[in-house]
Chemist: 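Quick one: the structure is below, questions incoming.
Throughout, protein chains are lettered first and strands after them, A, B, ... in sequence-line order, and every chain is numbered starting at 1.
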Amino acid sequence: MASHWLVKSEPETYSFEDLQKDGKTVWDGVRNFAAAGHLKAMKVGDQVLFYHSQEGKDVVGVARVAKEAFPDATDATGKFVAVELTPVRKLPRSVTLADMKATPALSDMAMLRQGRLSVSPVSDAEWATILKMAGE
DNA sequence: GCCAACGTTGGC
DNA sequence: GCCAACGTTGGC
């Protein structure tokens, strides 16, 4: 059963456009146990919302898990993992943080309840709501 | 094993 | 640029 997720990235560091240009990317550098736990739970084929933090503060695109969790090569301790993501599509309209906060159906979203979490789960209902808000 | 201090993230 | 929230680290 496929799950849905949301990952955050500062577009200045790595934007959705960068992912589309690269064709794929290794999602490493996560140094938070809760987020790492979510990375480990990802399965190939799971869909992932791509959120731009700091600049934009909006969900801009959809990506897909291409490779399940493997040791993060940038982590010397060996405690953290990375996954590989590929771009799926850019959303017709981005969905801003303000829009999500203003939507009662999304009030329980993990990313809203815990702002600093860089990788978080998205329920099927939340997923459908956000895609609809994005004009799909 | 607990708790205080510190560092980092991210929204405003 | 500031401030709040939260996770991690290190001392006891």
Chemist: Nearest whole Å is fine: how far is dT9(C) C1' from Lys79(A) NZ?
Modeler: 10 Å
Chemist: Rounding to an integer number of Å, can you tell me how far Phe33(A) CZ sits from dC6(C) P?
Modeler: 18 Å
Chemist: What I want to find out is whether Lys43(A) reaches Asp46(A) closely enough, with some N-O distance under 4.0 Å, to be called a salt bridge.
Modeler: no
Chemist: Measure CD/Gln54(A) against P/dT9(B) and give the value in whole Å, please.
Modeler: 9 Å
Chemist: Heavy atoms only, 4.0 Å cut-off, all strands: where does Leu97(A) land among base, sugar-phosphate and nothing?
Modeler: sugar-phosphate
Chemist: Has Glu126(A) got a side-chain atom pairing as donor or acceptor with Ser123(A)'s backbone, closer than 3.5 angstrom?
Modeler: yes
Chemist: So for Arg116(A) and dT8(B), does any side-chain atom that can act as donor or acceptor lie under 3.5 Å from a complementary atom in the base?
Modeler: yes
Chemist: What's the CE-P distance between Met111(A) and dC6(C), to the nearest Å?
Modeler: 14 Å
Chemist: Heavy atoms under 4.0 Å, any strand shown: does Lys101(A) hit a base, just sugar-phosphate, or nothing?
Modeler: sugar-phosphate
Chemist: Would one find a side-chain N or O of Tyr51(A) under 4.0 angstrom from OP1 or OP2 of dT9(B)?
Modeler: no
Chemist: What is the distance, to the nearest angstrom, from the NZ atom on Lys57(A) to the C1' atom on dT9(B)?
Modeler: 13 Å
Chemist: When the distance from CG of Asp58(A) to P of dG11(B) is rounded to whole Å, what number comes out?
Modeler: 11 Å
Chemist: Tell me whether Glu55(A) at atom CD has more than 12 heavy atoms from other residues, nucleotides or ligands lying less than 6.0 Å away.
Modeler: no
Chemist: Over how many whole Å does the gap from Phe80(A) atom CZ to dG7(C) atom P extend?
Modeler: 13 Å
Chemist: Looking at dG10(B), I'd like to know if its phosphate oxygens (OP1 or OP2) sit under 4.0 Å from a side-chain N or O belonging to Gln114(A).
Modeler: no
Chemist: Figure out the CE/P separation between Met109(A) and dG11(B), and round it to whole Å.
Modeler: 12 Å
Chemist: Is it true that Lys40(A) and Glu68(A) make a salt bridge, defined as a side-chain N closer than 4.0 Å to a carboxylate O?
Modeler: no
Chemist: What nucleotide among dC12(B), dG10(B), dG7(C) has an atom nearest to a side-chain atom of Asn32(A)?
Modeler: dG7(C)
Chemist: With respect to Trp27(A), which candidate in Trp5(A), Phe80(A), Phe50(A) satisfies the ring-ring contact (aromatic ring centres under 6.0 Å, His included) definition?
Modeler: Phe50(A)
